[in-house]
Amino acid sequence: MPLAMLGTLFALTLVLFLVVRRPRHELRGTSLTLLRCVLPSWRFFEEIAAVPVLSHRVIDPHGTPGPWQQTLALPRRHAGMWGLHAAGNLYLAYQSLVEQLAAELQDPAEFSELSRSVSYQLVQALVLQQLGRNGEDLRGQYQFRLIDGQTAAPLWVSPVHAL
Amino acid sequence: MELLSATERLSALALLLQSLEWLQVRGVFADNGVWRYAVLAPEQRALPLGLSLLCRLSLPYPSFVALLWLRCAAALLVLFLGESRVWPVLCISQILLCVRFRGASNGGSDSMSVVLASALSVPALFGRTPLAIQVALLYIGVQVTLSYAIAGLAKLRQPDWLNGEALRHFVVSSPYGVPARVQRILEQRALAAPLGWGVVAFECLFPLAWLDPRVCLAWLACGVLFHAVNVLTLGLNRFLWAWIAGYPATLAGSELVRVLSG
C-alpha cells in the first residue's frame, strides 16, 4: 500500500510540475486583482527580478534640486519580531506598493493616465509622508523616482509636483 | 476534533497577531495616511455589489480600525474560549483587509490566512459534523502541501535556484534587510548552492508528508525550522504563524490517508 501511495503522490507531483511549467498569467481586471488573496499562486521567490527602490528629492523655490534620498528605510529588528513586527510588515507593504507602481509603468495603457492611477497616488502619499516626517522645509516642489536596486540605474522619474 | 481545535487556536493566534500589527500602525489608514480611503474607494466599485457595499461600510478610516479591533476580539474568543462560531466573521474581515491593501498586504501569508479562515468557517456554518470537520482540515492540509510543492517545483525550473545564485540574490540584494552576518555566509557560492538545493528539495518533497503521520511530523518539524530561519533572515514572521496554523490539518490529512489505506 505505501508503494501505491508513493506512486500516487509521484503522479500528482508530476501533474503539478507540468502545470507549474506553464507561463504565469497575471490577473486582469480590478475586481480579480482586489480579490487575488482568494486565488493563491503559491509561487514564492521564483525568479531573480530587479527590485525597484523609491527615492525622492525636494526642489527649492528657486528651482535648485536637492539630493535624491532613499524614501524607505529598513526598520530595526528586535527580539519581539517573532510575534509582532509591525514596522517590518509595514515596510514590506510599502515595498509592494512601489513594486506595483513599477509593474504599472511597464504597461503603456496604465502609463498614459499615470497621475490618476491608484498606485501613483499612494506612492505620492508615501513620499509626502516621508518628507513631512524628515522635517524638511516643505516649500517648493518635489519629485520621486524608481531605480534598480542592484545596479542603481534609474528606471523612471516622476513629474515635478508642488509641495 | 483535537486537531481541529489546534488548527482553530493556531489560526486565531496568527490572525490576532496580524490585526495587532496593523493596529500599531493604524495611522497609515487615516484620511491623511498613505492608504487613505478616498484614493482606494473608486477601485472598489468594481467589486460585486454586496462586497462593494461592505467595503464602503467597513473600510473608511474609523470603521476600519473598529474592524481590526473586532478581529482581535473574535480571535481572542477562539483562542481562549474555543468559540468557533466567529470564523465566518474572521473570514470576511480577512478578505476585506486584503481588499483594503488592493489584493494583499503581505503576499502569501494573506492567502494562507484566507485559506484558514474560509475552511474553518465550514464547521462553523454547517455544524461540527465529522464530514464538515474533515472537509475543513483536508482543504487546509491540501493547500499547505500545494503551497510548498508549487513553490518548490517553480524554483526547480530556474537554474539560478540550483546554482545558488537565486538564494544569494534574495538574501544579499532583496529589500528584506538580511543581517550582514548571514549575507556574508551566503555570499560564498559553495554554501549557497547546497542551501538552494535544500530549499527546493524540502518544498518539492513536502507531499511525502501524506505517506504516514510519522513522516508528516518529521516534515512539519523541518517546516518549523524553515520558517524560523525565514523570520531570522528575511523577517517574515507572518508566514511562520500562518503556515504553522495549517500543520495540524496536514497531520489530520496524513492520518486520514493511513486510515483509508488500512
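FYI, side chains are in, hydrogens and waters are out, and symmetry mates aren't considered; it's all heavy atoms of this structure. Throughout, a chain's letter reflects where its sequence line sits, starting with A, and its residues are numbered from 1.
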Okay, A:Gln124 and chain B: the region with an atom under 4.5 Å from a heavy atom over there is neither
Based on non-hydrogen pairs under 4.5 Å, which of A:Leu122, A:Leu72, A:Leu126, A:Val123 is most in contact with chain B? A:Leu122
Inspect the surroundings of CH2 in B:Trp241 and state if more than 12 heavy atoms from other residues, nucleotides or ligands are less than 6.0 Å away. no
Structural part of B:Leu13 lying under 4.5 Å from a heavy atom of chain A: neither
Determine, step by step, whether A:Val38 and B:Val115 satisfy the side-chain contact (heavy atoms from CB on, under 4.5 Å) criterion, reporting the C-alpha distance in whole Å, the side-chain angles of both residues, the deciding distance to 0.1 Å, and the verdict. CA-CA 8 Å; A:Val38 296; B:Val115 164; over 6 Å; no
Report the relative orientation of the aromatic rings in A:Tyr94 and B:Trp35; use parallel for angles under 30°, tilted for 30 to 60°, perpendicular for over 60°. parallel
Closest heavy-atom pair, B:Gly108 versus A:Phe44, reported as atoms and distance to 0.1 Å, is CA-CE2, 3.6 Å
Counting heavy-atom pairs closer than 4.5 Å to chain A, which one of B:Arg100, B:Gln158, B:Arg157 comes out on top? B:Arg157
Considering non-hydrogen atoms only, spot the tightest contact between B:Gln143 and A:Pro40 and give its length. OE1-CG, 4.4 Å
At a heavy-atom distance under 4.5 Å, which candidate from B:Gln44, B:Arg258, B:Met112, B:Glu203 has the highest pair count against chain A? B:Met112
Under a 3.5 Å distance rule, please check whether B:Ser105 uses its side chain to pair with a backbone N or O of A:Ala93 as donor and acceptor. no
With distance as the sole criterion, is a donor-acceptor pair present between the side chains of A:Ser119 and B:Arg102 under 3.5 Å? yes
Check whether any side-chain heavy atom of B:Val34 sits under 4.5 Å from a side-chain heavy atom of A:Leu128, and report yes or no. no
Quick check for you: among B:Leu236, B:Asp212, B:Leu240, B:Leu232, which has the greatest number of heavy-atom pairs under 4.5 Å with chain A? B:Leu232
Identify the two heavy atoms, one from B:Leu234 and one from A:Arg77, that lie closest to each other, and give their separation to 0.1 Å. C-NH2, 3.4 Å
Within this structure, what is the OG-CZ distance for the pair A:Ser96 and B:Phe101, rounded to the nearest 0.5 Å? 9.0 Å
Which answer fits A:Leu74, side chain, backbone, both or neither, if we ask what part of it has an atom under 4.5 Å from a heavy atom of chain B? side chain
If I measure from the heavy atoms of chain B, does A:Leu97 come under 4.5 Å with its side chain, its backbone, both, or neither? side chain
Is the number of heavy atoms from other residues, nucleotides or ligands within 6.0 Å of CH2 (A:Trp68) greater than 12? yes
Between A:Leu92, A:Leu12, A:Val127, which shows the greatest number of heavy-atom pairs under 4.5 Å with chain B? A:Leu92
Please classify the contact of B:Phe206 with chain A as side chain, backbone, both or neither, using a heavy-atom distance under 4.5 Å. neither
Report, by ascending residue number, the residues of residues 16-25 of chain B in heavy-atom contact with chain A at a distance under 4.5 Å; give 'none' if the set is empty. B:Leu17, B:Leu20, B:Glu21, B:Trp22, B:Gln24, B:Val25
Assess the residue pair B:Asn237 and A:Met81 against the criterion (side-chain contact (heavy atoms from CB on, under 4.5 Å)); give the C-alpha distance rounded to whole Å, side-chain angles, the decisive distance to 0.1 Å, and a yes or no. CA-CA 7 Å; B:Asn237 65 327; A:Met81 74 180 214; 5.7 Å; no
Only pairs of heavy atoms separated by less than 4.5 Å count here; which of B:Val257, B:Leu51, B:Val231, B:Asn32 has the most with chain A? B:Val231
Hey, could you give me the OG/CD distance between A:Ser117 and B:Glu43, rounded to the nearest 0.5 Å? 8.5 Å
If I take atom CZ from residue A:Arg43 and atom NZ from residue B:Lys155, how far apart are they, to the nearest 0.5 angstrom? 11.0 Å
How far apart are the closest heavy atoms of A:Arg36 and B:Ala104, and which atoms are they? NH2-N, 3.9 Å
Please rank B:Thr145, B:Asp110, B:Ile95, B:Leu146 by heavy-atom pairs under 4.5 Å with chain A and give me the top one. B:Leu146
4.5 Å side-chain heavy-atom contact, A:Trp42 and B:Ser111: yes
So which of B:Cys98, B:Pro42, B:Ser147, B:Ala46 has the largest heavy-atom pair count under 4.5 angstrom toward chain A? B:Ser147
Report which part of B:Ala228 has an atom under 4.5 Å of a heavy atom belonging to chain A: side chain, backbone, both, or neither. both
